[in-house]
Asks: 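Below is a structure I'd like to ask you about.
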2 protein chains.
Amino acid sequence: MVSTPRNTRQRRAVAAILEDLDGFASAQEIHDLLRHRGESVGLSTVYRNLQALSDSAEIDALRNDDGETLYRQCSTGHHHHLVCRACGRTVEVAGPTVERWADSIAAEHGFVDVAHTLEIFGTCGNCAS
Amino acid sequence: MVSTPRNTRQRRAVAAILEDLDGFASAQEIHDLLRHRGESVGLSTVYRNLQALSDSAEIDALRNDDGETLYRQCSTGHHHHLVCRACGRTVEVAGPTVERWADSIAAEHGFVDVAHTLEIFGTCGNCAS
DNA sequence: CCCGCGGATGGGAACCATTGTCAAATTGAC
DNA sequence: GTCAATTTGACAATGGTTCCCATCCGCGGG
């Protein structure tokens, strides 16, 4: 039924970029990086592959204040992010207490199918100076 | 320097709608509601007034999964939201523990000028049935 | 090694929420 | 009432993202 994705040059290139990056980056930034690397990939394809990876939970996605979607290859398991607004540098943080708190609040008010978003934004030490 | 905003019909109409709504609504929804109420206001003006109110912290704004900005008149003071995906119904929740946790995590990693976003999404009891 | 099917690609058009533009209307101070 | 300054609104423009579709190519079968 559900066919396995094909192993194309473009898919490999996008995955390789994500391996090398350590912070969040937008689809367009990734598209530019690929071009500068000589591994040119169509913008549509970059979007498609990022979305596919995000759907299969292989990478994390979040939206910044400007409404752009940023992507990053993260460790597996549920976690949140402390992200530098300026350079994208990211620290993964776990907050087990928060998870439980959110779920209990939601249950308390009769909400089902609950999800939550939690991101911390700031300026990292390097970028502040 | 900073002049007081004028008391225009349009500004009053937007404020009145926000008084009557109890959940989050998008700029376009508010624009439609105004039209149906007979208090027609230009779309640009709706956007401008909502942004102004949001900037002066008189209303809260958040982005949903589709990237739309939603607005709501909330109680003053820092709080978070439990929002129904289907109908927009909203419960304001306070999480003092979370605030402190986020700030300390950020400080621990040398981040400054820290802010955080935390929203809980779910389907409310009414919409689930 | 060659074929052929169907998923993948890419370039440009289409989308859509939001913001910019600017002439005309309105507000509020005097 | 007058007048300057702010606000409005119709429309154009922006920008990130998705859609479209002819072409390409990975890959299993022969």
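The chains referred to below are lettered A, B, ... by the order of the sequence lines, with proteins before strands, and numbering in each begins at 1. Just so it is clear, the values below take in all heavy atoms, side chains as well, and ignore hydrogens, waters and symmetry mates.
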Asks: A:Gln10 side chain: which of C:dG10, D:dT17, C:dT21 is closest?
Replies: C:dG10
Asks: OP1 or OP2 of D:dC19 versus the side-chain N and O atoms of A:Ser44: is any pair under 4.0 Å?
Replies: no
Asks: In this structure, how many angstroms lie between the C1' atom of D:dC19 and the CD atom of A:Gln51, rounded?
Replies: 12 Å
Asks: Classify the side chain of A:Arg11 and the base of C:dG7 as holding, or not holding, a donor-acceptor pair under 3.5 Å.
Replies: no
Asks: Taking the side chain as everything from C-beta on, heavy atoms only, tell me whether A:Val83 gets closer than 4.5 Å to A:Leu70.
Replies: no
Asks: State whether B:Thr69 places a side-chain N or O below 4.0 Å from either non-bridging phosphate oxygen (OP1 or OP2) of C:dA17.
Replies: no
Asks: Whole angstrom is fine here: how far is it from CD in A:Glu68 over to P in D:dT18?
Replies: 13 Å
Asks: For the side chain of B:Ala27, counting heavy atoms from C-beta on, which of D:dC19, C:dT18, D:dG9 is nearest?
Replies: C:dT18
Asks: When the distance from CD1 of B:Ile30 to P of C:dA17 is rounded to whole Å, what number comes out?
Replies: 14 Å
Asks: Less than 6.0 angstrom separating the ring centers of A:His116 and B:His81, yes or no?
Replies: no
Asks: Which whole-number value in Å describes the distance from A:Asp66 CG to C:dT19 C1'?
Replies: 13 Å
Asks: Select from B:Arg63 and A:Leu43 the residue whose nearest nucleotide in DNA chain C is closer to the 5' end of that strand.
Replies: A:Leu43
Asks: Would you sort out whether B:Arg37 and B:Asp20 count as a salt bridge (Lys or Arg N to Asp or Glu O under 4.0 Å), showing the intermediate values?
Replies: CA-CA 12 Å; B:Arg37 201 179 256 209; B:Asp20 295 350; 2.6 Å; yes
Asks: Hey, what are the protein-to-nucleotides 26-28 of chain C N/O distances that come in under 3.5 Å?
Replies:
| unit_1 | atom_1 | unit_2 | atom_2 | d |
| --- | --- | --- | --- | --- |
| C:dT26 | O2 | B:Arg6 | NH1 | 3.2 |
| C:dT27 | O2 | B:Arg6 | NH1 | 3.3 |
| C:dT27 | O2 | B:Arg6 | NH2 | 3.1 |
| C:dG28 | OP1 | B:Asn7 | N | 3.0 |

Asks: Applying a 4.0 Å non-hydrogen cut-off, can you work out what A:Gln28 is touching in the nucleic acid: base, sugar-phosphate, or nothing?
Replies: base
Asks: Apply the test salt bridge (Lys or Arg N to Asp or Glu O under 4.0 Å) to residues B:Asp113 and A:Arg85: give CA-CA distance (whole Å), side-chain angles for both, the deciding distance (0.1 Å), then the verdict.
Replies: CA-CA 10 Å; B:Asp113 192 20; A:Arg85 284 192 199 84; 3.7 Å; yes
Asks: Without decimals, in angstroms, what is the distance between A:Glu29 CD and D:dT17 C1'?
Replies: 15 Å
Asks: Check this for me: does any side-chain nitrogen of one of A:Glu39 and A:Arg9 sit under 4.0 Å from a carboxylate oxygen of the other?
Replies: yes
Asks: Between A:Asn49 (CG) and D:dT18 (P), how many Å, whole number?
Replies: 13 Å
Asks: In whole angstrom, what separates A:Leu34's CG from C:dT9's P?
Replies: 12 Å
Asks: Give the rounded distance in Å between these two atoms: CG of A:Asp65 and C1' of D:dG16.
Replies: 15 Å
Asks: With nearest nucleotide decided by heavy atoms, which residue, A:Gly42 or B:Ser26, maps closer to the 5′ end of DNA chain C?
Replies: A:Gly42
Asks: Let me see the working for B:Arg12 and B:Glu19 under salt bridge (Lys or Arg N to Asp or Glu O under 4.0 Å), right down to the final yes or no.
Replies: CA-CA 10 Å; B:Arg12 269 179 273 122; B:Glu19 288 281 348; over 6 Å; no
Asks: If you take the centroid of each ring, where Trp contributes its six-membered ring, are A:His31 and A:His36 closer together than 6.0 Å?
Replies: no
Asks: Quick one: which of C:dG12, D:dT18, D:dG9 gets closest to the side chain of A:Tyr47?
Replies: D:dT18
